[in-house]
Trainee: 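Before we start, here is the structure in question, set down as structure tokens.
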Amino acid sequence: MGVSRNSFSEESLWGTDGGNTEERLDPDSLLEGLTAPQREAVVQRGGPLLVIAGAGSGKTRVLTRRIAHILAKGDARPWEIMAITFTNKAADEMRRRVVDLVGADARDMWVSTFHSACLRMLRAHADVLGYQRGFTIYDAGDAETAVERIMKELNLDTKRLSPRSVGRDLGGEERDALARRLRRGR
């Protein structure tokens with residue numbers, strides 16, 4: 001197949017797989033316009049790939065084309081792909097570009113931030129840790145506010161004993177209790 005000069009979200013990238021009427025991406029078209037190191041990252045196989053580069057260097061472009069290339073070559077199924085980034089903005093942009101390239105198959109992929117991926121895994125296996133799947137995660141400020149509210153309900157002097165120090169002590173106790181449960185195999 002030839003190399004397309006059109007944008008990568010246009011139909012010109014799609015070809016047919018022999019007699020199969022299901023549309024498929026042309027893997028060669030996904031390499032167009034990439035530098036040699038970018039192309040190398042897109043076609044690399046054999047395990048996970050970490051891409052580290054500066055802002056505006058084409059990381060998202062490389063990762064999204066890599067995902068599409070893997071699918072186009074039949075090297076993985078959509079639900080076998082996980083793409084992780086740091087910020088919600090970057091994850092949203094990566095997800096949008098993957099959808100533009102591969103269409104509905106993107107729904108079956110994990111394209112998210114580290115935090116949301118870990119939360120998803122924790123919720124899926126909450127019972128192993130003795131939690132319910134609908135648990136809530138507090139940030140430091142939320143936790144301190146909750147401890148302060150409980151201390152006031154118990155008529156504890158929050159001036160003599162700070163909610164932050166109580167929260168820190170409770171967190172340590174919880175970690176110790178979890179470690180004991182895990183050692184016992186529960």
Side-chain angles (χ1 to χ4, degrees), residues 6-11 13-14 22-35 37-146 167 171 174-175 178-179 181-182:
N6 299 318
S7 79
F8 285 91
S9 61
E10 294 182 14
E11 276 186 34
L13 283 179
W14 297 87
E22 191 175 313
E23 293 182 29
R24 291 181 51 103
L25 277 170
D26 173 17
D28 293 333
S29 295
L30 295 166
L31 303 176
E32 180 184 324
L34 298 177
T35 65
Q38 289 174 330
R39 188 175 292 117
E40 185 179 337
V42 169
V43 300
Q44 185 270 339
R45 298 297 189 269
L49 175 69
L50 176 65
V51 175
I52 300 174
S57 61
K59 291 180 301 294
T60 303
R61 182 180 194 201
V62 167
L63 293 173
T64 55
R65 290 202 197 178
R66 176 175 162 75
I67 290 167
H69 194 267
I70 288 169
L71 293 172
K73 289 287 214 172
D75 293 337
R77 293 174 295 257
W79 56 90
E80 297 173 323
I81 293 176
M82 175 184 273
I84 301 292
T85 189
F86 289 99
T87 67
N88 287 324
K89 182 179 177 184
D92 290 343
E93 177 63 17
M94 189 182 308
R95 190 176 303 105
R96 185 191 63 73
R97 291 191 197 184
V98 169
V99 167
D100 285 350
L101 287 170
V102 304
D105 282 345
R107 286 191 310 253
D108 296 327
M109 297 176 209
W110 280 33
V111 180
S112 65
T113 63
F114 282 100
H115 288 108
S116 64
C118 291
L119 180 60
R120 185 174 173 184
M121 288 181 240
L122 283 171
R123 287 200 191 286
H125 303 286
D127 56 325
V128 173
L129 298 171
Y131 294 111
Q132 295 179 356
R133 289 179 189 233
F135 65 85
T136 300
I137 295 178
Y138 287 161
D139 66 17
D142 293 334
E144 190 173 333
T145 300
E174 187 175 82
R175 281 189 299 277
L178 178 59
R181 275 192 305 200
L182 290 173

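The chain is numbered in sequence order, starting from 1.
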Trainee: Quick check: do Leu31 and His69 have side-chain heavy atoms less than 4.5 Å from each other?
Mentor: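 A side-chain contact exists here, since the closest heavy-atom pair is under 4.5 Å.
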
Trainee: Which heavy atom in Asp26 sits nearest to a heavy atom in Ser29, and how many Å separate them?
Mentor: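 Asp26 and Ser29 have their closest heavy atoms at OD2-OG, 2.8 Å.
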
Trainee: Who passes salt bridge (charged side-chain N to carboxylate O under 4.0 Å, His left out) against Asp142, sequence neighbours left out?
Mentor: none

Trainee: Which pairs count as salt bridge (Lys or Arg N to Asp or Glu O under 4.0 Å) when at least one residue sits in residues 37-50, sequence neighbours excluded?
Mentor: Arg45-Asp75

Trainee: Please determine which of Thr64, Asp105, Leu71, Thr60 meets the side chain to side chain contact (heavy atoms under 4.5 Å, CB included) test together with Val98.
Mentor: Thr64

Trainee: Would you check if the side chain of Arg133 reaches a backbone N or O of Ala126 as a donor-acceptor pair within less than 3.5 Å?
Mentor: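 Here the side-chain-to-backbone pair does not exist.
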
Trainee: With side chain to side chain contact (heavy atoms under 4.5 Å, CB included) as the criterion, how do Leu101 and Ile67 come out once you've worked through the C-alpha distance, each side chain's angles and the decisive distance to 0.1 Å?
Mentor: CA-CA 9 Å; Leu101 287 170; Ile67 290 167; over 6 Å; no

Trainee: Do Val62 and Val42 make a side-chain contact, defined as non-hydrogen atoms from C-beta onward lying under 4.5 Å apart?
Mentor: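 Of all side-chain heavy-atom pairs linking Val42 with Val62, at least one is under 4.5 Å.
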
Trainee: How long is the span from the CD1 atom in Ile70 to the CD atom in Gln44, to the nearest 0.5 Å?
Mentor: 8.0 Å

Trainee: List for me each residue that meets salt bridge (charged side-chain N to carboxylate O under 4.0 Å, His left out) alongside Arg77, sequence neighbours excluded, and say none if there are none.
Mentor: Glu80

Trainee: Looking at every non-hydrogen atom in both residues, tell me the closest pair between Val99 and Ala106 and how far apart they are.
Mentor: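 Heavy atoms only, the tightest pair is CG2-CB, 3.6 Å.
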
Trainee: Please give me the minimum heavy-atom distance between Ala76 and Ile81, naming the atom from each residue.
Mentor: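 Taking every non-hydrogen atom into account, CB-CG1, 4.4 Å.
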
Trainee: Give me the atom names and distance for the closest heavy-atom approach of Pro27 to Leu25.
Mentor: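 Here Pro27 and Leu25 meet closest at CD-O, 3.2 Å.
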
Trainee: CE of Met82 to CE of Met121: how many Å apart, nearest 0.5 Å?
Mentor: 4.0 Å

Trainee: Between Lys59 and Ile52, is there a donor-acceptor pair closer than 3.5 Å when you use the side chain of the first and the backbone of the second?
Mentor: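 A pair under 3.5 Å: no.
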
Trainee: Only pairs at least two apart or in different chains count here, so list each salt bridge (Lys or Arg N to Asp or Glu O under 4.0 Å) that has a residue in residues 122-132.
Mentor: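 Every candidate salt bridge (Lys or Arg N to Asp or Glu O under 4.0 Å) pair involving residues 122-132 fails, so no pair, neighbours aside, qualifies.
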
Trainee: Can you list the residues that meet the salt bridge (charged side-chain N to carboxylate O under 4.0 Å, His left out) rule with Arg97, with sequence neighbours excluded?
Mentor: Glu93

Trainee: Regarding Asp92 and Arg95, does a basic nitrogen lie under 4.0 Å from an acidic carboxylate oxygen?
Mentor: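 Counted as a salt bridge, because a side-chain N and a carboxylate O are separated by less than 4.0 Å.
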
Trainee: Which residue pairs pass the ring-ring contact (aromatic ring centres under 6.0 Å, His included) test with at least one member in residues 108-142, sequence neighbours excluded?
Mentor: Phe86-Phe114

Trainee: Once you round to the nearest 0.5 Å, how far does OG1 of Thr87 lie from CE of Met94?
Mentor: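 With rounding to 0.5 Å, OG1 (Thr87) is 9.0 Å from CE (Met94).
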
Trainee: Do you know which two heavy atoms are closest between Ala117 and Ile84, and how far apart they sit?
Mentor: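 Taking Ala117 first and Ile84 second, the nearest heavy atoms are CB-CD1, 3.6 Å.
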
